[in-house]
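The model shown is predicted, which means the values in this text are computed figures rather than measured ones. Start at 1 with the first residue, then count along the sequence.
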Amino acid sequence: MMNCIPRRGSTRGWIFAGIVVCLTSAVYAQQDSILFRPEVERVFVEGMRLFEAGKFDSAASAFVQCIRDYPQSHRATGAYVMAGKAFHRAGNYREAVRLLKNLIDLYPQSSYLDDAHYTLGLSYYRMLRYEDAALEFLTARQQTSDALLKRRAESLLDDVVKDHLSIGQLQLLLAEATIDEMRALLAVRLAEKVFRAGDPKGAQQILQPITSLPPAVQYVDAAIALADSIEKGGVVKLGIVLPLMLKSFQPGARDLGTDMMDAMKLAADEHNQSGIPKIMLDFRDSERDPALAAKHVTELCTDDKVVAIIGPIFSNEALAAAGIANARGVPIVTPTATANGIADIGPFVFQANPDYEVRGRAMARFAQEVLQAKRLAVVAPIDAVGKLMAEAFMEQAKEDSLEVVDVQWYQSGATDLRQQLMNLRRRALESVEETIIDFSVRVKYQDVVKMVKLGVPQKRLDSLMEVGGKIPVEQLLGQNGARVADSLEIPTVRLPVKYDSLLIPVQNIDAIFLPIAAATEIGILPSQLQFFNFQAQMLGTGDWENLEELELNRQYTSGVIFSVDTYIDQQDPAYRLFEAKYQRAFNRKPTRNSLYAYDAMKLLVSVLEKGASTRQHIAALLPTVRKLPGLHSKISISERRVNSFLFILQYRNRAIQRIGEIDLTDIRKTDEHGGANEGERKQ
């Protein structure tokens, strides 16, 4: 049982559907009802069935019947909480609030109180009563012993506090916090708001009692970091290493670096308008020279005020510089480098762009999760990039228990893949070759005895020997007949398929992974796969995103699916707002490189806004970023410290369309409210 915190404005009675129920027995106020009634059990179970079927209005009626007709039954308190949930899911938030408040008033010792407070918070949130919602989420978080409910209540509480509560409202809520973790969380959020309002001294006073708590208490590190940031004037410095090419006078040489520099400035300026800590940028010009990039990173690392570095952007420069930053404990984020192994240098190195391993693994995961594929094949260029993506694809397929029928390699730029595709046909069709026992030749007596012992009727064997029949071994010895015959040394014959006959389609491969080396190969692979009669889904990576080549070869390429690291929705309000700001600030439209840079800055801003202001804290928080909305993509940093999010596109109907996304950091999905089982788990 859990104790209930006294609530302001609670009543000692309740009104629902015209019926007044008064407290006439102390039992109601002290414990859950325990009187078993079979008739109420039937009604309650029917209510649960309706709830799980999504018929929330009908479910609510059933649970209310339990409450109204059987107020002292063993299902009374369960019916209260499930009725509240049903009304909430049906959008009838007022009735949900009424019922849940009555449960809390009538049964202050009920084991359902944490669920009741949580669902009450959800309903208040939908009613835009944010102060009430925050109090309910806080109460649920402080009362529950359920780990999942704790996480959900805490997450929603944090969202409401940050986005919807004023300083005065948050001060009142902080007074309701009874455990150290929640006092720390609310104090940090209150101090942030007070500091942004221009009162750094007031913010420090709020944080002082929190910073003296044991370091193991959650959010104490955030409080210390915020206090330190305020003490230092609330300013952090970020080092930026870009190919600005300031010494070059070639036309267009500076465009790439300038586009990225301006986008980073814009992102930092947006944050500095109201966010903390304030960001100062220190730009360095790598001149596309790995040695110079490494020199700049070394200098930035020696500046104690630099808490993180963005760049370099090219893989060779990043490889030269990342080890230096890692050795000195400075987080370094490369916005665009895709080479494998950069983030593997150490725990302070991050890639905001998916590497080749992610790109290969993502398509294997898509094949398994979305296409429900079981048997795969790979046709890939043997250059370094193609090999890396193909091997990652096969490794992920193996981890997901998928069969890779065969892999065929070709030289980049090759136009004749006859040998590779004939080899692939042979390997694929071998699995459909039939193994038989041939009774047209003399079968040894001891082999007949073995088959009889296995349960084959003697009469059937006699008949086969008499007519000289041929029979598939599975029909005679069962599903694993070929293996059984082989172990008993019973002679079998394999009937080969004429794999060189192109009239026979290859239908037992579900998908073929084609990580082409360049868009020019779009006109080669699909046409030859069709000529050799492969009937499998084609899968690819970013080089397939070339509408001109896809259109030129549309009779072969229609339906191909591929992953990309960038998908720009120009109708998205966030993108249109960014584009307008960029145009006003720099008198030109943003490029794709502008988006990479802007999103990389937003990645660091996201952890700074969580209170990270030291090098160690930033490095600790970056791997926790999941599905951070960006303009070119989302960012989910995996345990490997690499962005593991990709969009999935398909070419069909003469257009490239977005059909999905893959995030390799995903473990499982949950619904918005935790589903029906929150109440059910305690029944």
Side-chain angles (χ1 to χ4, degrees), residues 1-4 7 10-124 126 136 139-140 143-144 146 149 671 673-683:
M1 297 295 177
M2 305 178 196
N3 294 326
C4 178
R7 299 172 49 79
S10 62
T11 60
R12 305 308 297 168
W14 62 281
I15 303 174
F16 182 75
I19 297 175
V20 178
V21 178
C22 298
L23 290 178
T24 59
S25 171
V27 173
Y28 290 136
Q30 294 176 358
Q31 62 184 27
D32 290 4
S33 299
I34 58 172
L35 181 63
F36 181 82
R37 302 284 294 272
E39 57 271 31
V40 74
E41 184 69 14
R42 287 191 293 271
V43 178
F44 186 87
V45 169
E46 174 64 11
M48 291 301 299
R49 185 191 68 78
L50 292 166
F51 189 100
E52 291 167 357
K55 300 177 180 179
F56 301 118
D57 284 322
S58 299
S61 297
F63 294 130
V64 168
Q65 182 182 347
C66 292
I67 299 167
R68 182 189 61 218
D69 295 346
Y70 311 102
Q72 299 184 52
S73 78
H74 67 295
R75 287 297 192 185
T77 53
Y80 267 108
V81 74
M82 290 309 300
K85 286 175 176 291
F87 276 124
H88 173 78
R89 297 293 289 273
N92 193 342
Y93 306 123
R94 293 186 181 280
E95 294 302 331
V97 167
R98 183 177 298 173
L99 272 175
L100 292 167
K101 287 181 67 177
N102 283 315
L103 168 63
I104 293 166
D105 291 338
L106 293 169
Y107 301 98
Q109 302 300 320
S110 172
S111 60
Y112 294 111
L113 289 186
D114 54 354
D115 268 342
H117 284 294
Y118 178 74
T119 308
L120 194 53
L122 292 174
S123 292
Y124 279 138
R126 294 293 188 182
E136 297 303 332
T139 305
Q143 286 189 0
T144 189
D146 181 271
L149 189 56
D671 65 68
H673 305 296
N677 290 332
E678 284 184 334
E680 225 182 340
R681 60 185 165 83
K682 294 178 182 173
Q683 298 296 341

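From Met82, atom CE reaches atom CG of Leu50 across 11.0 Å, with rounding to the nearest 0.5 Å. Atom OG1 of Thr139 and atom CG of Leu113 lie 10.0 Å apart (nearest 0.5 Å). Expressed to the nearest 0.5 Å, how far OG of Ser111 lies from CD of Gln143 amounts to 11.5 Å.
Across all their heavy atoms, Ile67 and Leu99 have their closest contact at CD1-CD2, 4.1 Å. Shown here for Phe56 and Phe51, the closest heavy-atom pair between the two residues is CE2-O, 3.5 Å. The minimum heavy-atom distance between Ala90 and Asp57, with the atom names listed, is CB-OD1, 3.3 Å. Of all non-hydrogen atoms in Pro71 and Ala76, the two that sit nearest each other are O-CB, 3.5 Å. Of all heavy-atom pairs between Leu103 and Ala116, the closest is CD2-CB, 3.8 Å. Tyr80 and Leu100 make their closest contact through O-CD2, 4.2 Å (heavy atoms, listed as atom of the first residue, atom of the second, distance).
Partners of Arg49 under the side chain to side chain donor-acceptor pair (under 3.5 Å) rule, at least two apart in sequence or in another chain, are Glu46. Under the rule for a side-chain contact (heavy atoms from CB on, under 4.5 Å), the partners of Tyr70 that lie at least two apart in sequence or sit in another chain are Arg37, Glu39, Val40, Ser73. Every residue meeting the side-chain contact (heavy atoms from CB on, under 4.5 Å) condition with Val97, not counting sequence neighbours, appears here in chain and number order: Lys101, Leu120, Ser123, Tyr124, Met127. Judged as a ring pair (Phe, Tyr, Trp, His ring centres under 6.0 Å), and not counting sequence neighbours, the contacts of Tyr93 are His88. Residues meeting the side-chain contact (heavy atoms from CB on, under 4.5 Å) test with Ala60, sequence neighbours left out: Ala86, Phe87.
The main-chain N or O of Ala140 is never found under 3.5 Å from a side-chain atom of Thr144 such that the two would form a donor-acceptor pair.
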